[in-house]
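Read through the structure below, which is laid out as structure tokens, and then see the notes.
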Amino acid sequence: MTRVGTWLAAGLAGVACLAAGPTSAQAPAAGDDTNPLHLRRVGVGNVEGMKLNIGVSIEACRVAKKLPLDAPKVMPPDEVLAKLVVMEDEEYFQGGRWARYSTHRSVLADPSSADCRLALFTSRGVTIEQTCESRYSIGVPSPQKMADPQNPAPPVATVTTGPGDSCRRKRKRMSVQGLPVQNAGDGTACVWAADALAKSMQEAGLKAKGHDDKTLDFCLYARQPEYLWRGHIRQVVLRSSSEDRSLAGNDISDIVGEVRAFSNQRLLSMTDGQPVPAERFTPAGAQAFVQQPAKSPLKP
């Protein structure tokens, strides 16, 4: 059995309950959410920062291979980098079941090539939870680790399992009535989490400031900002926003080009009320996702 197969078999043995079927092990309590949701968020990077990262990757690869450092660097066209979906997250909610499928893409020098040619490295990971009961996670190393010229990490999947989050504490749902509505990206309405927090604090007689464009914030589904199950609440995040500046005030996305893709995601698509395919909540579905090719030629 391959290393991948060994890891996957171990994961399957530990989370058989997740593969039992599409229904929760617990019946919904009064007030629990059961409507299925599926949302897909995407983020792109800062082109100049990405080009800087690629150049550093080429130089590190050439050093490791003792290749001339002064040879010209052939960079991808700006339009290719501008369109590259660096970060992509899909989330699924259905009663007590929740899953997140994540994809991280990077253009980097390929240490397995003789001339450090560029390739598209893709890291994928999945987390599945039976809320309040169990958690299953599987993923491969990051693109940067796979492209490390000194010690490249193989795209081998690792599995972790454990208990789900605690559901004992009862919490009141947040109120978003009267808050400014934003476009999440595809026309779906969302409200900033900072605005909702400020509203609750102001109602309690406390001073609070809502959303600003400089601080990391998350825009929540206006119709259903939270998903409740057995006292456990997950925020339904459709969009994120941050200025991407360091404490010194510098735009760090000019240096680390992919930062923007993580902190400034937008909603690409969403369904509300359509049943989620059962395999999205199973180890088999997660394995099929992460076993896709981790490296591919860079296409124009």
Under a single-linkage definition using a 4.5 Å side-chain heavy-atom cutoff for Ile, Leu, Val, Met, Phe, Trp and Tyr, are [X] and [Y] assigned to the same hydrophobic cluster?
{"X": "Leu238", "Y": "Trp192", "answer": "no"}
{"X": "Val85", "Y": "Leu268", "answer": "yes"}
{"X": "Val140", "Y": "Val126", "answer": "no"}
{"X": "Val74", "Y": "Ile54", "answer": "no"}
{"X": "Leu216", "Y": "Leu220", "answer": "yes"}

- Note on the structure: Tested for salt bridge (Lys or Arg N to Asp or Glu O under 4.0 Å) against Asp33, the lone hit among Arg173, Arg223, Arg234 is Arg173
- Query: Taking Glu88 as the fixed residue, which of Arg100, Arg105, Arg266, Arg124 is the one that meets the salt bridge (Lys or Arg N to Asp or Glu O under 4.0 Å) rule?
  - Reply: Arg105
Heavy-atom check, side chain of [X] versus side chain of [Y], under 4.5 Å:
{"X": "Glu129", "Y": "Arg97", "value": "no"}
{"X": "Leu37", "Y": "Tyr227", "value": "yes"}
{"X": "Thr282", "Y": "Ile128", "value": "no"}

Closer than 3.5 angstrom, by distance alone: can the side chain of [X] be matched with the main-chain N or O of [Y] as a donor-acceptor pair?
{"X": "Ser57", "Y": "Ala109", "answer": "yes"}
{"X": "Arg260", "Y": "Gly49", "answer": "no"}
{"X": "Gln292", "Y": "Phe289", "answer": "yes"}
{"X": "Thr127", "Y": "Ser137", "answer": "no"}
{"X": "Gln202", "Y": "Ala208", "answer": "yes"}

- Taking atom NZ of Lys65 as the centre, does the number of heavy atoms from other residues, nucleotides or ligands within less than 6.0 Å exceed 12? yes
- Is the number of heavy atoms from other residues, nucleotides or ligands within 6.0 Å of NZ (Lys145) greater than 12? no
Between atom [atom1] of [X] and atom [atom2] of [Y], what is the distance when rounded to the nearest 0.5 Å?
{"X": "Leu267", "Y": "Asp89", "atom1": "CG", "atom2": "CG", "result": "11.5 Å"}
{"X": "Arg40", "Y": "Tyr101", "atom1": "CZ", "atom2": "OH", "result": "14.5 Å"}
{"X": "Phe93", "Y": "Asn35", "atom1": "CZ", "atom2": "CG", "result": "10.0 Å"}
{"X": "Phe262", "Y": "Ser240", "atom1": "CZ", "atom2": "OG", "result": "11.0 Å"}
{"X": "Asp78", "Y": "Met50", "atom1": "CG", "atom2": "CE", "result": "10.0 Å"}
{"X": "Asn53", "Y": "Ile58", "atom1": "CG", "atom2": "CD1", "result": "11.0 Å"}

- Could you list all the disulfide (SG to SG under 2.5 Å) pairs where at least one residue sits in residues 173-226, not counting sequence neighbours? Cys190-Cys219
- Task: Please list all pairs passing the disulfide (SG to SG under 2.5 Å) test where one or both residues lie in residues 39-86, with sequence neighbours left out.
- Result: Cys61-Cys116
Which pair of non-hydrogen atoms, one from [X] and one from [Y], has the smallest distance, and what is that distance?
{"X": "Ala189", "Y": "Val181", "answer": "CB-CG1, 3.3 Å"}
{"X": "Gln94", "Y": "Pro36", "answer": "OE1-CB, 3.3 Å"}
{"X": "Ala294", "Y": "Pro155", "answer": "CB-CB, 3.7 Å"}
{"X": "Val191", "Y": "Pro180", "answer": "CG1-O, 3.5 Å"}
{"X": "Gly96", "Y": "Gln130", "answer": "O-NE2, 3.4 Å"}
{"X": "Gln144", "Y": "Ser106", "answer": "NE2-OG, 3.2 Å"}

Would you call [X]-[Y] a salt bridge at under 4.0 Å N-O?
{"X": "Glu79", "Y": "Lys83", "value": "no"}
{"X": "Asp115", "Y": "Arg117", "value": "yes"}
{"X": "Glu48", "Y": "Lys51", "value": "yes"}

- Hydrophobic cluster partners of Met146 (side-chain heavy atoms under 4.5 Å): Leu108, Phe121
- Message: For a side-chain contact (heavy atoms from CB on, under 4.5 Å) check, start with the C-alpha distance between Leu69 and Val63, then their side-chain angles and the critical distance, and finish with the verdict.
- Response: CA-CA 7 Å; Leu69 294 179; Val63 168; 3.7 Å; yes
- When Arg41 is tested against each of Glu91, Arg239, Met87 for side chain to side chain contact (heavy atoms under 4.5 Å, CB included), which residue passes? Glu91
- Note on the structure: The single option from Leu39, Val176, Asp272, Val237 that satisfies side chain to side chain contact (heavy atoms under 4.5 Å, CB included) with Tyr221 is Asp272
- Item | Worked verdict on Ile233 versus Met174 for side-chain contact (heavy atoms from CB on, under 4.5 Å) | CA-CA 10 Å; Ile233 289 178; Met174 70 167 56; over 6 Å; no
- Query: Do the rings of His38 and Tyr92 sit parallel, tilted or perpendicular, given the 30° and 60° boundaries?
  - Reply: parallel
- Task: Using the side-chain contact (heavy atoms from CB on, under 4.5 Å) rule, take Leu120 and Leu84 through it: C-alpha gap first, then chi angles, then the decisive distance, then the call.
- Result: CA-CA 10 Å; Leu120 180 65; Leu84 178 66; 4.0 Å; yes
- Task: Would you check if there is a donor-acceptor pair between the side chains of Asp217 and Thr215 at a distance under 3.5 Å?
- Result: no
- Item | Flag for His104-Glu258: side-chain donor and acceptor within less than 3.5 Å | yes
